[in-house]
Amino acid sequence: TTKKFTVEKIDYIYERLRTQITSNESSITSQSYVFFIIGASGDLAKRKIYPTLWWLYRDGVLPKNISFIGYSRSQLTIEQIFENSHKYMKIQEDEHDIYEKFLKLNSYISGSYDKSEDFENLNSKANKISHQVNAHRLFYLALPPNVYESVSELISKHCRAASPGWLRLIIEKPFGKDLESSNKFSQHLNKLYTEEEIYRIDHYLGKEMVQNILVLRFSNRIFSRVWNRDSIAGVQIIFKEKIGTHRHGSYFDEVGIIRDVIQNHLMQILSILAMEKPRSTTGEDIRDEKVKVLRCIAPIKLENVIVGQYIGDKKSTDSERQLGYLDDKNVPKDSTTPTYAQIIVFIKNERWDGVPFILRAGKALNERKAEIRIQFRDVPGRMFDEELSENNVEGTLARDELVIRIQPDEAIYLKINTKRPGEMNFSIEETELDLTYNERYQGVKLPNAYERLILDVFMGSKINFVRSDELQEAWRIIDPILAEIEKKKLQIIPYKFGAIGIREAFDAAVKQGFIYT
Ligand code: NDP
Ligand code: BG6
């Protein structure tokens with residue numbers, strides 16, 4: 001059906017999985033796997049991790065001998081965990097039998113995040129459940145960052161499988177709060193794990209269109225020749241959300257939109273868009289290039305930053321929209337935490353010198369959208385002046401623009417100029433070469449980001465995970481402005497819940513040479 005992986009896809013994934021099995025594992029069915037969800041009682045586990053594991057199991061892409069162990073402090077049963085997650089699992093009528101099978105592979109253990117004996121207990125339960133002391137083990141830390149250090153230490157000390165069983169540790173952002181804390185945490189992990197064992201999730205790297213950037217750039221001659229400062233006038237990477245921060249205001253106030261979205265998701269997109277061609281598609285080669293390009297970016301200057309905070313729209317009929325950021329009782333009344341930010345970065349290398357990369361993100365806006373807009377330079381030599389002055393209000397040729405829409409409705413479209421059909425003269429109009437996925441690829445299921453990424457961890461593929469040096473570079477670029485914002489050096493521009501954005505941000509883009517058509 002359209003909802004499931006195709007048979008070909010399953011075969012392909014199994015083939016890749018098989019290649020991961022080391023020589024002393026005779027077949028995929030003899031090796032056991034244990035997937036641990038640490039923080040199983042939490043929101044992420046409930047909404048994303050359990051449903052994702054269920055979908056992967058249902059679609060038959062997980063190894064055969066697998067068990068799942070949930071762990072957190074709450075005294076719960078596995079049935080209660082599943083009940084909480086039920087509405088996110090989207091179980092169909094004909095899936096109940098397989099769902100029961102999946103449930104039977106799951107168990108739950110309660111324990112602390114800081115006591116050796118609890119992790120020793122977890123370890124012996126895992127041995128018992130998997131009937132093997134050398135099962136491969138995957139640990140998903142679905143926990144708040146204040147317990148990352150102790151939990152990662154206790155896992156490494158007490159929960160390693162006997163050889164040849166490997167361990168893979170999956171960690172969610174935030175990876176620190178600034179350069180210093182991020183480095184400190186990386187050093188902590190480096191003492192306990194090899195970089196090979198660590199999988200830092202940035203779920204944007206699991207999105208279809210983000211993954212497509214590599215293919216688009218490096219398998220099309222038409223793009224590879226123009227992907228530089230000679231042809232590109234500027235790049236915008238835009239993230240917009242309709243929802244505000246209510247219900248998690250206390251978390252958001254510590255973080256702000258720059259740490260929440262720009263430092264990770266948008267910087268990751270930037271590095272893939274701007275990097276040189278990697279030597280191969282291996283994780284190491286790709287990440288080497290991503291780091292290299294990040295190294296060419298200087299720390300952001302204050303003058304290239306615009307920040308805003310949303311206020312309630314008192315006229316709205318929607319009660320949520322009437323509330324501003326500061327109306328949340330968990331947010332201090334004088335908070336200057338930005339809920340909207342635009343930063344402009346420049347890459348000092350031969351390919352990109354002088355080209356502005358505009359990273360813009362905001363909560364409580366008019367729509368949910370994430371997209372990349374690559375605007376090309378004007379066509380030199382004015383051949384169509386006469387036609388343009390007749391037909392085009394501005395009297396100029398519209399610029400070509402390549403748009404990669406990450407969400408919603410994945411699409412790639414190229415805005416071009418064309419002769420208005422049927423007219424006798426050279427009347428020009430702007431149109432699009434349009435690859436909208438749900439029209440072109442009807443019925444193809446796009447797995448969600450967590451499905452892809454968790455499967456990648458099983459397969460040991462590092463392409464879509466963040467390496468510690470990438471992280472360090474991203475913090476280095478962002479860090480100085482975070483400090484300035486904390487010192488309240490930047491004016492916070494108010495915008496209404498539901499606004500398109502902040503005028504000053506659009507003006508700054510225009511000043512950098514962007515033309516809005
Ligand atoms: P939760 O706040 O739901 O915490 C997960 C579990 O950790 C809780 O069920 C609780 O389990 C335990 N816990 C909560 N607070 C504390 C505390 N102060 N000290 C010790 N244990 C605590 O977090 P989420 O599930 O929302 O997020 C987990 C991680 O994933 C975080 O790092 C978050 O930043 C990240 N993340 C979450 C997203 C989401 O959609 N929720 C999206 C992207 C990233 P118990 O009390 O039973 O031990
Ligand atoms: C998370 C941010 O990383 O990404 C959230 O912490 C944000 O604030 C979310 O809402 C957006 O993810 P998506 O996949 O819904 O675009």
Side-chain angles (χ1 to χ4, degrees), residues 37-52 70-77 80-81 84-85 88 108-115 118 122 139-152 154 170-177 185 199-210 237-269 325 330 337-341 361-365 367-371 405-410 446-453 466:
I37 304 105
I38 314 289
S41 59
D43 181 65
L44 183 72
K46 172 177 76 180
R47 289 192 308 110
K48 300 279 186 196
I49 312 306
Y50 276 108
T52 301
Y71 180 92
S72 51
R73 296 172 307 182
S74 305
Q75 297 290 339
L76 293 166
T77 62
Q80 285 167 316
I81 298 262
N84 294 339
S85 210
Y88 302 100
Y108 177 78
I109 298 167
S110 124
S112 73
Y113 299 129
D114 55 3
K115 290 195 183 69
D118 290 337
L122 181 62
F139 290 86
Y140 203 116
L141 298 201
L143 289 166
N146 61 315
V147 288
Y148 281 0
E149 287 209 5
S150 66
V151 170
S152 55
L154 292 168
I170 311 167
I171 320 175
E172 274 284 352
K173 75 171 183 65
F175 313 117
K177 169 165 209 300
F185 182 50
Y199 289 74
R200 293 179 194 83
I201 286 234
D202 182 312
H203 77 282
Y204 266 60
L205 294 179
K207 293 195 185 248
E208 179 75 27
M209 300 314 279
V210 176
I237 306 170
I238 301 161
F239 168 98
K240 295 174 83 176
E241 254 182 357
K242 265 173 113 162
I243 47 172
T245 58
H246 284 267
R247 287 186 285 276
H248 54 276
S250 54
Y251 156 78
F252 193 85
D253 203 60
E254 292 286 306
V255 179
I257 195 78
I258 298 178
R259 287 189 186 92
D260 192 42
V261 172
I262 297 183
Q263 185 272 347
N264 36 65
H265 307 325
L266 302 198
M267 289 294 276
Q268 279 293 325
I269 295 172
Y325 179 70
N330 297 317
T337 298
T339 58
Y340 181 103
K363 298 251 176 197
L365 294 171
E367 60 183 349
R368 173 175 183 259
K369 191 184 262 183
E371 65 180 12
R405 192 164 61 224
I406 299 166
Q407 64 190 32
D409 300 329
E410 292 83 352
L446 301 178
N448 75 34
Y450 279 91
E451 282 176 90
R452 289 173 204 271
L453 294 176
V466 183

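The residues of the chain are indexed from 1 along the displayed sequence. Whatever order the structure lists them in is the order used to number ligands and atoms, beginning at 1. Values reported hereafter were calculated over all heavy atoms of this structure, with side chains retained and with hydrogens, waters and symmetry mates removed.
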- Decide yes or no on side-chain contact (heavy atoms from CB on, under 4.5 Å) for I406 and V210, but give the supporting numbers first. CA-CA 7 Å; I406 299 166; V210 176; 3.9 Å; yes
- Message: Run M209 and R405 through side-chain contact (heavy atoms from CB on, under 4.5 Å) and show every step you take.
- Response: CA-CA 7 Å; M209 300 314 279; R405 192 164 61 224; over 6 Å; no
- Message: Set out, in order, the CA-CA distance, both residues' side-chain angles and the distance that settles side-chain contact (heavy atoms from CB on, under 4.5 Å) for Q268 and Y204, then state yes or no.
- Response: CA-CA 8 Å; Q268 279 293 325; Y204 266 60; 6.0 Å; no
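Atom-to-atom distance recorded for L143:CG and R73:CZ is 9.0 Å, nearest 0.5 angstrom. Distance check, rounded to the nearest 0.5 Å: OH of Y71 to CD1 of I38 gives 7.0 Å.
The ligand atoms of ligand 2 that sit less than 4.0 angstrom from a heavy atom of H265 are 1 (C), 3 (O), 4 (O). Of all the atoms in ligand 2, the ones that sit under 4.0 Å from a non-hydrogen atom of D260 are 2 (C), 5 (C), 6 (O), 8 (O). Residue-ligand proximity, K207 to ligand 2, at heavy-atom distances under 4.0 Å covers atoms 13 (P), 14 (O), 16 (O). Annotation for ligand 2: atoms under 4.0 Å from non-hydrogen atoms of K173 are 1 (C), 2 (C), 3 (O), 6 (O). Applying the 4.0 Å criterion to heavy atoms of K363 picks out, from ligand 2, the atoms 5 (C), 7 (C), 8 (O), 10 (O). Each of the atoms 13 (P), 16 (O) of ligand 2 lies under 4.0 Å from some heavy atom of Q407.
Note that atom 23 (O) of ligand 1 has no protein non-hydrogen atoms nearby, at separations under 4.0 angstrom. Within the 4.0 angstrom cut-off, atom 41 (N) of ligand 1 has one or more protein heavy-atom neighbours.
No part of F252 comes within 4.0 Å of ligand 2, judged by heavy-atom distances. For E172, every heavy-atom contact with ligand 1 shorter than 4.0 Å involves the side chain, none the backbone. When heavy-atom distances to ligand 1 are checked against a 4.0 Å cut-off, S41 comes that close through both its backbone and its side chain. Contacts of F175 with ligand 1, taken as heavy-atom pairs under 4.0 Å, are absent altogether. Of all the heavy atoms of N146, the ones lying under 4.0 Å from any atom of ligand 1 belong exclusively to the side chain.
Of the polar atoms of L143, at least one N or O is found under 3.5 Å from an N or O of ligand 1, judged by distance alone. Polar contact with ligand 1: present for L44 (N/O pair, distance under 3.5 Å). By the 3.5 Å distance cut-off applied to N or O atoms, K173 is counted among the residues near ligand 1. Considering backbone and side-chain atoms together, G42 places an N or O closer than 3.5 Å to an N or O of ligand 1. For the pair D43 and ligand 1, the shortest N or O to N or O distance falls below 3.5 Å.
Taking each heavy atom of L122 and I109 in turn, the nearest pair found is CD1-CD1, 3.8 Å. Across S72 and G39, no two heavy atoms sit closer than the pair CB-CA, 4.0 Å.
A salt bridge links K363 and E241; the closest N-O separation between the charged side-chain nitrogens and carboxylate oxygens is under 4.0 Å. In summary, E208 and R452 engage in a salt bridge, as defined by a charged side-chain N under 4.0 Å from a carboxylate O.
Under the 3.5 Å distance criterion, the side-chain polar atoms of S152 are matched with a main-chain donor or acceptor of Y148.
For atom 46 (O) of ligand 1, the closest non-hydrogen atom of the protein is R73 NH2, 2.9 Å. From the protein, the heavy atom lying nearest to atom 7 (O) of ligand 1 is P144 CD, 3.3 Å.
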